[in-house]
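So the structure is just underneath, and the comments pick up after that.
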Amino acid sequence: MARPVVGIIGNSYLMNDQYPTHAGGTMNSDAVSNVSDCLPLLIPADPRYVSVDELLEVCDGFLLTGGRPNVHPEEYGEPATAAHGEFDRARDAITLPLVRACAERGQPFFGICRGFQEVNVALGGTLYPEIRDLPGRQNHRMPPDGTLEEKFALRHVVTLTEGGVFHRMLGAREVMTNTLHGQGIKSLGENVVIDGHAPDGTPEAIYVKDAPGFTLSVQWHPEWDAANDPVSRPLFEAFGRAVYAWAEGSRAAHLQRTA
């Protein structure tokens, strides 16, 4: 049987400050292929080229990746300021309705960093533009200098809810993670449950309550060294199992319709 397809949400970039591209980090494809054991498919997240209905049909699950552009604050009813940084409105137009559709259908998605924030906004939540400017919060942004290994190094503990989804999956109440984000959750979207916090209270792990499928999202970047990291690997393995289950159910339904 062919491996199920995971749509990896791409970001819009200018290559060499001139040539427009859609791009996705190699580490996302590596985690999906080698840990989730699914076929990675990079999605040009732009409604000029793809529709949500087409993506739901072609892909079995979705990886909502991180990226430099942020969700535009107009998506949660606030004006844009310099603190909100760069935007990718085309990606907003695809991912926000995609999250809502998947949460309703039970089609698996795994949100990472910006993807984590997209899930909250898609379901009616809001974001802080800059976590480090809030009283008592630490700087969660990527270190400006150093190698990739140094930038993605484990930097703080995430404390998980006793008996919660992440605690049961990871087998520990406290896990070490990297941190490379500027924004964070301000108010929660409908049925969004915070299942883990950083030491300064910043939400780091969420899921959608009562959704019929896999809806886990994290504020850190588990795609880094996913095959070897003791926190990342179980997350991508569980995501892969959910994608396989969806694909098998979809194929069985298709056979029934065509019999």
Side-chain angles (χ1 to χ4, degrees), residues 4-33 36 38-76 80 84-105 107-125 127 180-183 185 189 192 206 208 211 213-224 236 239 242-243 246:
V5 175
V6 168
I8 298 178
I9 299 299
N11 290 293
S12 297
Y13 288 105
L14 281 179
M15 184 182 295
N16 299 326
D17 296 320
Q18 185 176 24
Y19 187 77
T21 66
H22 284 109
T26 303
M27 64 184 77
N28 293 308
S29 298
D30 186 53
V32 166
S33 179
S36 300
C38 296
L39 179 69
L41 179 66
L42 184 63
I43 301 298
D46 188 321
R48 294 176 297 177
Y49 313 124
V50 300
S51 70
V52 170
D53 287 343
E54 288 173 320
L55 294 178
L56 293 169
E57 184 68 24
V58 169
C59 300
D60 299 298
F62 297 93
L63 187 68
L64 308 171
T65 61
R68 184 173 298 277
N70 294 309
V71 179
H72 199 288
E74 286 181 359
E75 299 290 351
Y76 46 93
H84 287 95
E86 303 173 19
F87 305 116
D88 186 345
R89 297 310 299 270
R91 172 168 168 162
D92 294 344
I94 290 295
T95 54
L96 301 183
L98 179 65
V99 166
R100 291 189 286 267
C102 286
E104 181 178 350
R105 289 159 55 95
Q107 198 157 349
F109 64 77
F110 185 14
I112 292 174
C113 199
R114 176 190 158 115
F116 169 99
Q117 295 160 10
E118 284 171 331
V119 172
N120 190 55
V121 172
L123 298 177
L127 303 173
L180 299 92
H181 65 100
Q183 299 194 326
I185 289 177
V192 176
I206 60 173
V208 181
F214 186 103
T215 62
L216 272 58
S217 300
V218 298
Q219 186 63 89
W220 68 89
H221 282 264
E223 74 275 23
W224 173 259
F236 274 99
F239 176 55
V243 174
W246 174 268

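Qualifying ring-ring contact (aromatic ring centres under 6.0 Å, His included) partners for His181, counting only residues two or more places apart in sequence or in other chains: His140. Residues satisfying the side chain to side chain donor-acceptor pair (under 3.5 Å) criterion with Glu104, sequence neighbours excluded, are absent altogether. Among residues two or more places apart in sequence or in another chain, the side-chain contact (heavy atoms from CB on, under 4.5 Å) test is passed with Asp30 by Asn34. Partners of Asp53 by salt bridge (charged side-chain N to carboxylate O under 4.0 Å, His left out), not counting sequence neighbours: none found. Residues satisfying the ring-ring contact (aromatic ring centres under 6.0 Å, His included) criterion with Tyr76, sequence neighbours excluded, are absent altogether.
A heavy-atom distance below 4.5 Å is found between the side chains of Leu41 and Val58. Side-chain contact between Arg89 and Glu74: present, with at least one pair of heavy atoms (C-beta onward) separated by less than 4.5 Å. The shortest side-chain heavy-atom distance between Val99 and Val208 does not fall under the 4.5 Å cut-off.
Note: His84 and Phe87 have tilted aromatic rings, judged against thresholds of 30 and 60 degrees for the angle between ring planes.
A donor-acceptor contact shorter than 3.5 Å links the side chain of Glu54 to the backbone of Ser51. Under a 3.5 Å cut-off, the side chain of Gln107 and the backbone N or O of Cys59 do form a donor-acceptor pair. Between the Gln117 side chain and the Gln183 main chain, a donor and an acceptor come within less than 3.5 Å of each other. Formation of a donor-acceptor pair under 3.5 Å by the Arg114 side chain with backbone atoms of Pro69 is found in this model.
In this structure, Phe236 and Leu63 approach most closely via the heavy-atom pair CE2-CD1, 4.0 Å. The two residues Val243 and Cys38 come nearest to each other via the heavy atoms CG1-SG, 3.9 Å. The nearest pair of heavy atoms linking Ser217 to Val119 is OG-CG2, 3.5 Å. Of all heavy-atom pairs spanning Ala242 and Pro108, the tightest one is O-CG, 3.5 Å. Residues Phe109 and Ala103 come closest through the heavy atom pair CE2-N, 4.1 Å. Contact record, Ala101 with Val52: CB-CG1, 4.4 Å, taken as the closest heavy-atom pair.
In this structure, NE2 in His221 is found 9.0 Å from OG1 in Thr65, a value given to the nearest 0.5 Å. Rounding to the nearest 0.5 Å gives a distance of 11.5 Å between CG of Leu216 and CD1 of Ile112. Of the inter-residue distances, the one linking Ile94 atom CD1 with Leu64 atom CG reads 12.0 Å to the nearest 0.5 angstrom. To the nearest 0.5 Å, atoms CD1 (Ile43) and CZ (Phe62) are separated by 6.5 Å. In this structure, Glu75 CD and Leu96 CG are separated by 5.0 Å, a value rounded to the nearest 0.5 Å. Atoms CG and CD, on Leu98 and Glu118 in that order, are 9.0 Å from each other to the nearest 0.5 Å.
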**OP:** Any chance you could lay out the side-chain contact (heavy atoms from CB on, under 4.5 Å) test for Phe110 and Val218, step after step, and finish with the verdict?
**Re:** CA-CA 8 Å; Phe110 185 14; Val218 298; 4.3 Å; yes

**OP:** In sequence, state the C-alpha distance, the side-chain angles, and the governing distance for Thr215 and Cys102, and then conclude on side-chain contact (heavy atoms from CB on, under 4.5 Å).
**Re:** CA-CA 8 Å; Thr215 62; Cys102 286; over 6 Å; no

**OP:** For Asn70 and Leu127, run side-chain contact (heavy atoms from CB on, under 4.5 Å): C-alpha distance rounded to whole Å, both residues' side-chain angles, the deciding distance at 0.1 Å, then the answer.
**Re:** CA-CA 10 Å; Asn70 294 309; Leu127 303 173; over 6 Å; no

Name each donor-acceptor pair under 3.5 Å that joins a side chain in residues 4-17 to protein atoms two or more places apart or in another chain, with its distance.
from, atom 1, to, atom 2, distance (Å)
Asn11, OD1, Arg91, NH1, 2.8
Asn11, ND2, Gly66, O, 3.0

